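A, B, ... follow the sequence lines: proteins, then strands. Residue 1 opens every chain. Remember, it's a predicted structure, so these values are computed and weren't measured experimentally.
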Amino acid sequence: MRTLPRSFYTRNTLIVAKELLGKILVRKIGKSQLAGIIVETEAYLHNDPASHSYRGITERTKVMFGNGGHLYVYFTYGMHHCANIVTQKEGRGEAVLLRAVEPIDGIDVMMKNRSGRNEINNDRHLSDTGHLKNLTNGPAKLAQSFGLSRNESGTDLLENKIYLTEGIAVPKSQIISTTRIGINVATEKKWRFYIKGNVCVSKP
DNA sequence: TCCACGATCGGCT
DNA sequence: GCCGATCGTGGAG
C-alpha cells in the first residue's frame with residue numbers, strides 16, 4: 001500500500017489529526033512487520049500551553065520543530081514513552097499524539113514487547129468479545145508494543161522503517177471530537193479524536 | 001546545580 | 001476508584 005506523502009503531514013494539525021484516523025502505522029523490524037489501524041489521536045498546536053513546544057525549542061522538543069512527517073517520541077512518568085507525528089512545515093512546532101491503534105499485523109511481536117510472553121491467545125489482551133484490547137489502547141502501550149523509544153525520535157516517516165499508509169475510510173459521522181487527556185491546561189480544547197465504537201480506543 | 005512534575009499504566013481495594 | 005512507580009526534562013536559583 002502507498003506510503004503517505006510529505007504533503008499529507010505539512011498541513012493544518014487539526015485536519016491531520018482527524019485524517020490520521022483509519023490510516024495504518026507500519027514498522028519493520030528485521031523479518032517482522034508490525035501494523036495497526038490508528039483509531040485515536042490528539043492534536044498539540046504551537047500556541048497551545050499543553051504542548052511540549054509551547055516554551056520554544058529545547059533539546060528534547062527540537063524534533064517537533066522539524067518538518068512534518070517525522071516521528072517525535074518522548075519519555076514520561078519515569079517509565080513510559082509516547083509517540084507523536086510531527087505536522088506542519090519546519091519551525092512550527094506542532095504534532096499529533098498517537099493514543100491508540102487496532103493491531104492488524106505482528107501481534108505476536110507486540111505481545112512479546114508488552115509482556116515478554118509470546119502467546120497469541122493471551123487472555124490479558126482480549127476483551128470479553130474476543131477482540132485485542134490491552135495491547136495498544138493507550139499512548140504508552142502502543143509505543144511499547146511497537147518498540148518505540150527515544151532512539152526512534154526523529155525518524156523520517158518517508159523512509160521505509162516506520163511509515164504510514166492509506167488504510168480504511170472513516171466517515172465523518174464516525175469521528176468523535178472531545179477533550180484531551182492527562183493535561184492541566186487548555187483543557188477546553190476538543191482536540192482528541194477517535195473512531196466511534198472501536199474496541200481499541202482508550203477508556204476515558 | 002537542584003527539584004517539582006508529567007500528553008500514563010497496572011495493580012490493588 | 002485510587003495510588004504508587006520512577007526518572008528525564010526544563011525552569012528556577
> Should A/R55 be listed as having a side-chain N or O under 4.0 Å from OP1 or OP2 of C/dG11?
Replying inline: yes
> To the nearest 0.5 Å, what is the distance between CD1 (A/I24) and CD1 (A/I38)?
Replying inline: 9.0 Å
>> Both A/Q144 and A/L97 contact DNA chain B. Taking the nearest nucleotide for each, which residue is further toward the 5' end?
In response: A/L97
> Expressed in angstrom and rounded to an integer, what is the separation of A/M64 atom CE from B/dA7 atom P?
Replying inline: 11 Å
> Got a donor-acceptor pair under 3.5 Å from the side chain of A/Y77 to the base of C/dA5?
Replying inline: no
>> Does a side-chain N or O of A/H52 approach OP1 or OP2 of C/dT9 to a distance below 4.0 Å, or not?
In response: no
> Paired with C/dG4: which nucleotide, if any, by Watson-Crick or G-U wobble criteria at under 3.5 Å for both distances?
Replying inline: B/dC9
> Does A/T76 put a side-chain nitrogen or oxygen below 4.0 Å from OP1 or OP2 of B/dA7?
Replying inline: no
>> Tell me the interatomic distance from A/W191, atom CH2, to B/dA7, atom P, rounded to whole angstroms.
In response: 15 Å
> Rounded to the Å, how far apart are A/N184 CG and B/dA4 C1'?
Replying inline: 13 Å
>> With a cut-off of less than 4.0 Å, is there a side-chain N or O of A/N84 near OP1 or OP2 of B/dA7?
In response: no
> Does the aromatic ring of A/Y44 sit over the six-membered base ring of B/dA7, closer than 5.5 Å centre to centre and tilted less than 30°?
Replying inline: yes
> Is A/R11 positioned over the aromatic face of A/F8, cation under 6.0 angstrom from the ring centre and no more than 45 degrees off axis?
Replying inline: yes
>> Of the options C/dG10, B/dC9, B/dG6, whose atoms approach the side-chain atoms of A/T58 most closely?
In response: C/dG10
> Roughly how many Å is it from CD1 in A/I57 to P in C/dG10, rounded to a whole number?
Replying inline: 12 Å
> Is there side-chain contact between A/L4 and A/E166, with at least one heavy-atom pair below 4.5 Å?
Replying inline: yes
> Among the nucleotides C/dC7, C/dG10, B/dA7, which one has an atom lying closest to any side-chain atom of A/F75?
Replying inline: C/dC7
> Within the structure shown, what part of the strands sits under 4.0 Å from A/A140 by heavy-atom distance: base, sugar-phosphate, or nothing?
Replying inline: sugar-phosphate
>> When both hydrogen-bonding distances must be under 3.5 Å and the geometry is Watson-Crick or G-U wobble, what is B/dT1 paired with, if anything?
In response: C/dA12
> Do A/L148 and A/I162 have side-chain heavy atoms sitting under 4.5 Å apart?
Replying inline: yes
> Out of B/dG10, C/dT6, B/dA7, which nucleotide sits closest to the side chain of A/M79?
Replying inline: C/dT6
>> So, applying side-chain contact (heavy atoms from CB on, under 4.5 Å) with A/R99, which one of A/V201, A/T41, A/I181 is it?
In response: A/I181
> Base, sugar-phosphate alone, or nothing: which one does A/R180 contact when heavy atoms must sit under 4.0 Å apart?
Replying inline: nothing
> Does OP1 or OP2 of B/dA7 have a side-chain N or O of A/R60 closer than 4.0 Å?
Replying inline: no
> Tell me: CG of A/L135 to P of B/dC9, nearest whole Å?
Replying inline: 13 Å
>> On the nucleotide C/dT9, are OP1 or OP2 found under 4.0 Å from the side-chain N or O atoms that A/R150 carries?
In response: yes
>> Without decimals, in angstroms, what is the distance between A/Y74 OH and C/dG8 P?
In response: 16 Å
> Considering only B/dT8, C/dA5, B/dG10, which nucleotide approaches the side chain of A/H80 most closely?
Replying inline: B/dT8
> If only side-chain N and O atoms of A/R192 are considered, is one of them under 4.0 Å from the OP1 or OP2 phosphate oxygen of B/dA7?
Replying inline: no
> Are side-chain heavy atoms of A/V185 and A/Y54 found at a separation under 4.5 Å?
Replying inline: no
>> Between P on B/dG10 and CG on A/L142, what's the gap in Å once rounded to a whole number?
In response: 12 Å
> What nucleotide, of B/dG10, B/dT8, C/dG10, holds the atom closest to the side chain of A/K141?
Replying inline: B/dG10
>> Nearest whole Å is fine: how far is B/dG10 P from A/R114 CZ?
In response: 4 Å
> Has the side chain of A/S145 got a donor or acceptor atom that lies under 3.5 Å from a matching backbone atom of A/L135?
Replying inline: yes
